[in-house]
Amino acid sequence: MVQKRARLLTVVVAALSSISSTRAQDSQFAREFRTIQQSHEASRERYHQAFKAATASKNEKGEQKAIDQYLSDCDRTTGAIFKLVAAYPRDPGVT
């Protein structure tokens, strides 16, 4: 489940990144998208570190906590991207 949701978010972020990197990089959409993208990258890094530490110490509750936090972050990021696209449907980074 983690992999499926994270993979979907990765595809959405990658698709919008490639689109917005080639168009209107100074638009409000592009600036807000970069902020969301940076937030997601930081979340992904926190997840990897927390999960690795929990695995190394054989802490199953710590592993689950890392997974749950990452899924929550993925949901928040995905929601933020959908709201951003809805707010700027005609931005060159979206169309």
Side-chain angles (χ1 to χ4, degrees):
M1 181 154 128
V2 173
Q3 291 177 341
K4 191 174 188 179
R5 287 167 76 180
R7 199 173 302 139
L8 171 63
L9 179 60
T10 301
V11 169
V12 170
V13 170
L16 287 173
S17 291
S18 66
I19 291 167
S20 60
S21 69
T22 59
R23 303 178 182 171
Q25 294 199 14
D26 291 331
S27 71
Q28 183 65 26
F29 170 85
R31 288 188 295 274
E32 290 182 34
F33 179 78
R34 282 192 298 271
T35 300
I36 294 168
Q37 185 179 27
Q38 290 167 352
S39 174
H40 177 68
E41 289 170 2
S43 172
R44 187 177 53 209
E45 184 59 33
R46 283 191 305 274
Y47 163 72
H48 286 294
Q49 290 175 356
F51 191 81
K52 185 177 178 180
T55 301
S57 64
K58 298 182 181 178
N59 180 351
E60 290 182 21
K61 288 183 181 180
E63 289 176 0
Q64 190 59 51
K65 184 178 177 183
I67 290 167
D68 292 344
Q69 181 61 53
Y70 184 63
L71 287 176
S72 176
D73 291 348
C74 286
D75 289 344
R76 186 176 57 249
T77 301
T78 303
I81 289 172
F82 289 148
K83 285 179 185 176
L84 181 62
V85 169
Y88 300 98
R90 289 184 168 48
D91 187 275
V94 175
T95 58

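Quick caveat: nothing in here was measured; it's all calculated off a predicted structure.
- Side-chain atoms of Thr78 come within 3.5 Å of backbone atoms of Cys74 as a donor-acceptor pair (strictly under, hydrogens ignored).
- Judged as a side-chain hydrogen bond (donor to acceptor under 3.5 Å, both in side chains), and not counting sequence neighbours, the contacts of Asp68 are Gln64.
- Listed by chain and number, the residues in a side-chain hydrogen bond (donor to acceptor under 3.5 Å, both in side chains) with Gln38 amount to none (sequence neighbours excluded).
- A search for side-chain hydrogen bond (donor to acceptor under 3.5 Å, both in side chains) contacts involving Arg76 returns Asp73, not counting sequence neighbours.
- With sequence neighbours left out, the side-chain hydrogen bond (donor to acceptor under 3.5 Å, both in side chains) criterion links Glu32 to Gln28, Tyr88.
- Rounded to the nearest 0.5 Å, atoms CZ (Phe29) and CZ (Arg90) are 14.5 Å apart.
- Here Ala54 pairs with Asn59, Glu63 under the side-chain contact (heavy atoms from CB on, under 4.5 Å) rule; sequence neighbours left out.
- Separation of atoms OH (Tyr47) and CG (Leu71) is listed at 8.0 Å; rounding is to 0.5 Å.
- Proximity of His48 to Arg44: side-chain heavy atoms (C-beta onward) are separated by under 4.5 Å at one or more points.
- In this structure, CD in Glu60 is found 9.5 Å from OG1 in Thr55, a value given to the nearest 0.5 Å.
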